[in-house]
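Single-structure report; data block below.
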Amino acid sequence: MEKMIRISGLEKAYGEHRVLEALSMTLPSGETSCIMGPSGCGKTTLLRILMGLEKAGGGVIEGIPEKKSAVFQEDRLCDDLSGKTNIRLVCPKKDPSLIEAGMENLGLGESMDRPVREYSGGMRQRTAILRALFADWDILFLDEPLKGLDEKIKKVTAEYIRSRTRGKTVLCVTHDPGDVDLLGASRVIEMK
């Protein structure tokens with residue numbers, strides 16, 4: 001049986017502002033789960049805690065794999081480096097032709113050697129997605145990964161993510177119900 005990720009009684013506050021209060025959920029391993037909810041309900045905070053970037057104020061988290069990769073709301077790319085080099089930073093031993101093929105698949109082939117400071121927001125987002133996918137990971141965290149992409153590119157990107165994550169554990173935060181379908185989520189958790 002697949003190991004489950006269990007979150008029980010999770011608490012987080014910033015001063016007097018309580019962001020997470022007695023949050024509990026179980027997430028299946030080897031599948032894509034999406035967390036939905038309005039802005040400010042703690043979705044990104046939850047991801048940051050699960051990634052180990054923030055400490056919870058209380059509660060228990062079990063079953064989070066050690067090898068993590070993530071796509072954040074901000075792309076965190078190195079502006080002076082090319083798209084291809086940004087991806088290679090996290091996977092220097094990966095066959096460069098695989099990275100080039102991924103960039104071609106997501107419409108970045110002609111710009112893979114240009115510095116990312118010259119990229120549009122959507123191009124930067126797709127580069128960040130590729131970087132996360134090519135890293136060595138057992139769980140992938142996606143924070144609004146399809147936000148800002150036009151409909152055609154969104155569908156192509158979502159299909160690429162699905163093809164690279166089948167049978168793997170993915171936890172995605174989104175506010176868009178359409179993204180849930182595009183990413184093929186098997187589980188949706190609503191936060192309030």
Side-chain angles (χ1 to χ4, degrees), residues 2-79 86 89-90 121-122 124-133 135-149 154 157-158 161-162 164-165 168-192:
E2 284 285 339
K3 189 174 182 184
M4 301 289 277
I5 297 168
R6 296 186 193 332
I7 300 164
S8 5
L10 201 63
E11 304 275 341
K12 179 66 179 180
Y14 298 103
E16 297 296 312
H17 179 62
R18 298 184 73 73
V19 181
L20 301 174
E21 193 167 351
L23 179 69
S24 296
M25 63 178 71
T26 304
L27 304 167
S29 293
E31 297 178 21
T32 296
S33 299
C34 281
I35 296 175
M36 297 189 67
S39 291
C41 73
K43 300 181 304 289
T44 295
T45 299
L46 172 61
L47 283 194
R48 291 180 58 78
I49 290 169
L50 296 176
M51 284 186 266
L53 299 175
E54 287 193 39
K55 289 202 177 287
V60 177
I61 300 168
E62 299 172 305
I64 296 286
E66 283 187 39
K67 289 194 287 185
K68 304 170 183 84
S69 188
V71 174
F72 299 92
Q73 287 188 32
E74 60 285 344
D75 60 55
R76 300 183 183 198
L77 298 173
C78 299
D79 280 343
N86 266 280
L89 284 175
V90 299
R124 292 177 70 100
Q125 183 70 359
R126 285 175 279 154
T127 303
I129 288 168
L130 286 167
R131 180 185 58 190
L133 289 171
D136 183 22
W137 54 273
D138 292 320
I139 185 168
L140 176 64
F141 296 96
L142 302 172
D143 196 352
E144 302 282 1
L146 305 176
K147 185 177 179 182
L149 300 180
K154 186 185 275 198
T157 303
I161 291 170
R162 285 172 51 184
R164 303 279 304 181
T165 59
K168 294 184 147 194
T169 306
V170 179
L171 184 55
C172 176
V173 158
T174 183
H175 68 279
D176 186 343
D179 290 359
V180 173
D181 294 331
L182 286 173
L183 292 168
S186 58
R187 180 126 193 225
V188 178
I189 298 105
E190 292 278 350
M191 287 180 65
K192 297 181 167 95

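Heavy atoms only: backbone and side chains are in, while hydrogens, waters and symmetry mates are out.
- Between Lys168 and Leu140, every side-chain heavy-atom pair lies at or beyond the 4.5 Å cut-off.
- For Asp179, the salt bridge (charged side-chain N to carboxylate O under 4.0 Å, His left out) partners at least two apart in sequence or on another chain are Lys154.
- Within the 3.5 Å criterion, the main-chain N or O of Leu182 finds a donor-acceptor partner in the side chain of Arg162.
- Taking NE2 of His175 as the reference point, atom SG of Cys34 lies at 12.5 Å (rounded to 0.5 Å).
- In this structure, CG in Leu77 is found 4.5 Å from CG in Asn86, a value given to the nearest 0.5 Å.
- A 4.5 Å side-chain heavy-atom check between Ile161 and Thr32 finds every atom pair outside the cut-off.
- Atom CE of Met36 sits about 12.0 Å away from atom NZ of Lys192, to the nearest 0.5 Å.
- Residues Ile5 and Ile139 meet the side-chain proximity criterion, which asks for heavy atoms closer than 4.5 Å.
- Here the CG atom belonging to Leu50 is positioned 7.0 Å from the CG atom belonging to Leu10, to the nearest 0.5 angstrom.
- With contacts defined as side-chain heavy-atom distances shorter than 4.5 Å, the pair Gln125/Val71 qualifies.
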- Would Leu142 and Thr174 count as a side chain to side chain contact (heavy atoms under 4.5 Å, CB included) if you check the C-alpha gap in whole Å, the side-chain angles of each, and the deciding distance to 0.1 Å? CA-CA 8 Å; Leu142 302 172; Thr174 183; over 6 Å; no
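- Sorted by first and then second residue, the salt bridge (charged side-chain N to carboxylate O under 4.0 Å, His left out) pairs involving residues 36-53 (not counting sequence neighbours) are Arg48-Glu54.
- When all heavy atoms of Ile129 and Pro145 are compared, the pair lying nearest together is CD1-O, 3.4 Å.
- In this structure, the side chain to side chain contact (heavy atoms under 4.5 Å, CB included) partners of Pro28, at least two apart in sequence or on a different chain, are Met4, Glu31, Ser33, Arg187.
- From Asp143, atom CG reaches atom CZ of Phe72 across 8.5 Å, with rounding to the nearest 0.5 Å.
- Identified under the salt bridge (charged side-chain N to carboxylate O under 4.0 Å, His left out) test for residues 66-75, with sequence neighbours left out: Lys67-Asp136, Glu74-Arg76, Asp75-Arg124.
- Within the 4.5 Å cutoff, the side chain of Trp137 has no heavy atoms near those of the Val90 side chain.
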Could you list the donor-acceptor pairs under 3.5 angstrom formed between side-chain atoms of residues 15-27 and any protein atom two or more places apart in sequence or on another chain?
from	atom 1	to	atom 2	distance (Å)
Arg18	NH2	Glu11	OE1	2.4
Ser24	OG	Gly9	N	2.9

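- Distance check: Leu47 CG to Ile35 CD1 gives 6.0 Å after rounding to the nearest 0.5 Å.
- The shortest distance between side-chain heavy atoms of Leu183 and Leu146 falls below 4.5 Å.
- For Ser69, there are no side chain to side chain donor-acceptor pair (under 3.5 Å) partners at least two apart in sequence or on another chain.
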